[in-house]
Amino acid sequence: MKNILVTGSVGQIGSELTMELRKRYGNDNVVAGGRKTKPSEKLLNSGPFEVVDCTDIDVVNDVVRKHEIDTILHLAAILSAVAEANPQLAWDVNINGLYNVLEVAREHKCAVFVPSSIGAFGPSTPLDNTPQDTIQRPNTMYGVTKVAGELLCDYYYKRFSVDTRGVRYPGIISNETLPGGGTTDYAVEIFYEAIKNKKYTCNLGAGTFLDMMYMPDAIKAAIDLMEADPARLKHRNAFNVTAMSFDPEIIAAEIRKMIPDFTMDYDVDPVKQGIADSWPNNMDDSAAREEWGWEPEYTLPVMTKDMIEVLSKKLVQK
Ligand code: SER
């Protein structure tokens with residue numbers, strides 16, 4: 001990775017991933033690509049920024065050519081709940097956008113990282129200890145685009161030798177940029193509400209177990225996989241990765257260790273609940289561990305402590 005383009009760099013993962021890549025590979029060597037959300041001052045002032053709408057192949061092509069990009073981390077995507085509300089948009093961004101990126105990568109011989117998701121599984125998948133290779137019949141538009149994306153990336157690797165790699169991210173918890181319209185967003189919102197109001201109304205029901213991960217581990221997963229020795233990779237698109245699995249009751253109890261008077265009630269969103277019920281309770285990520293040394297650092301208690309400390313300071317400053 002020498003000259004890197006991050007699409008979706010203004011989003012939840014992209015914003016922090018871009019800053020970490022700039023730290024490691026040099027500010028000028030990491031181009032932040034964003035579409036319509038206003039980038040933060042930090043992102044704008046620390047390196048190159050380009051307006052990149054992935055659904056326009058000419059724009060992707062021009063930016064890759066101009067900056068002599070050799071690696072694209074393609075983070076631009078529509079998340080699950082928004083995708084259910086607007087399936088046509090989700091198909092356009094998640095499929096046509098990915099196709100454009102892969103075509104440009106083929107032409108310019110770029111490596112490509114594409115995040116897949118726990119959303120690539122569905123109700124007929126074994127939901128406990130979900131294997132790396134198993135049934136993938138999702139019943140959401142988000143899931144359809146994620147499975148198709150995994151297949152497309154594998155196809156570009158086999159057919160055109162494009163160095164495609166990806167992980168199936170679980171819900172990502174972070175304290176900088178908010179997620180936009182996912183099913184796992186509650187696990188971020190709960191921290192903001194616990195700190196600000198000491199109470200939270202959860203839109204997923206008690207007993208809804210999902211895989212989760214703290215942002216530093218999500219960033220590490222992307223970079224470690226892209227740096228991995230290709231000779232060791234038996235899989236490519238996409239590796240199960242997880243760091244923890246909990247339901248709303250468990251995370252609330254963990255928060256209560258630091259904010260004892262925190263209370264939570266429920267107002268279940270049927271669309272999000274339906275999506276969450278079709279996703280794994282916990283994934284088996286042994287293939288990632290074996291093939292490229294994946295090992296998360298943050299457990300639920302360590303993450304919770306860090307989230308509350310960092311966010312408490314931030315929310316006081318505001
Ligand atoms: N966090 C994502 C979502 O909820 C899962 O990939 O849509």
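Whatever order the structure lists ligands and atoms in, that order sets their numbers, starting from 1.
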- prompt: Any link between Leu152 and Tyr169 through a network of hydrophobic side chains (Ile, Leu, Val, Met, Phe, Trp, Tyr) touching at under 4.5 Å?
  reply: no
query: In terms of hydrophobic clusters joined by side-chain contacts under 4.5 Å, are Leu21 and Val112 together?
result: no
Geometric class of the Trp294/Trp292 ring pair [parallel <30°, tilted 30-60°, perpendicular >60°]: tilted
task: May I ask you to decide if the ring planes of Tyr142 and Trp279 are parallel, tilted or perpendicular, using 30° and 60° as cut-offs?
output: tilted
Where does ligand 1 get N/O contacts under 3.5 Å from the protein, atom by atom?
unit_1, atom_1, unit_2, atom_2, d
ligand 1, 1 (N), Thr184, OG1, 2.8
ligand 1, 4 (O), Ser80, OG, 3.3
ligand 1, 4 (O), Thr183, N, 2.6
ligand 1, 4 (O), Thr184, N, 3.1
ligand 1, 4 (O), Thr184, OG1, 3.4
ligand 1, 6 (O), Ser117, OG, 2.6
ligand 1, 6 (O), Tyr142, OH, 2.8
ligand 1, 7 (O), Ser80, N, 3.0
ligand 1, 7 (O), Ser80, OG, 2.6

query: Going by an N to O cut-off under 4.0 Å, is there a salt bridge joining Glu150 and Lys146?
result: no
message: I'd like to know if Lys42 pairs up with Glu176 as an ion pair, taking the criterion as any Lys NZ or Arg NE/NH1/NH2 lying under 4.0 Å from an Asp or Glu carboxylate oxygen.
response: yes
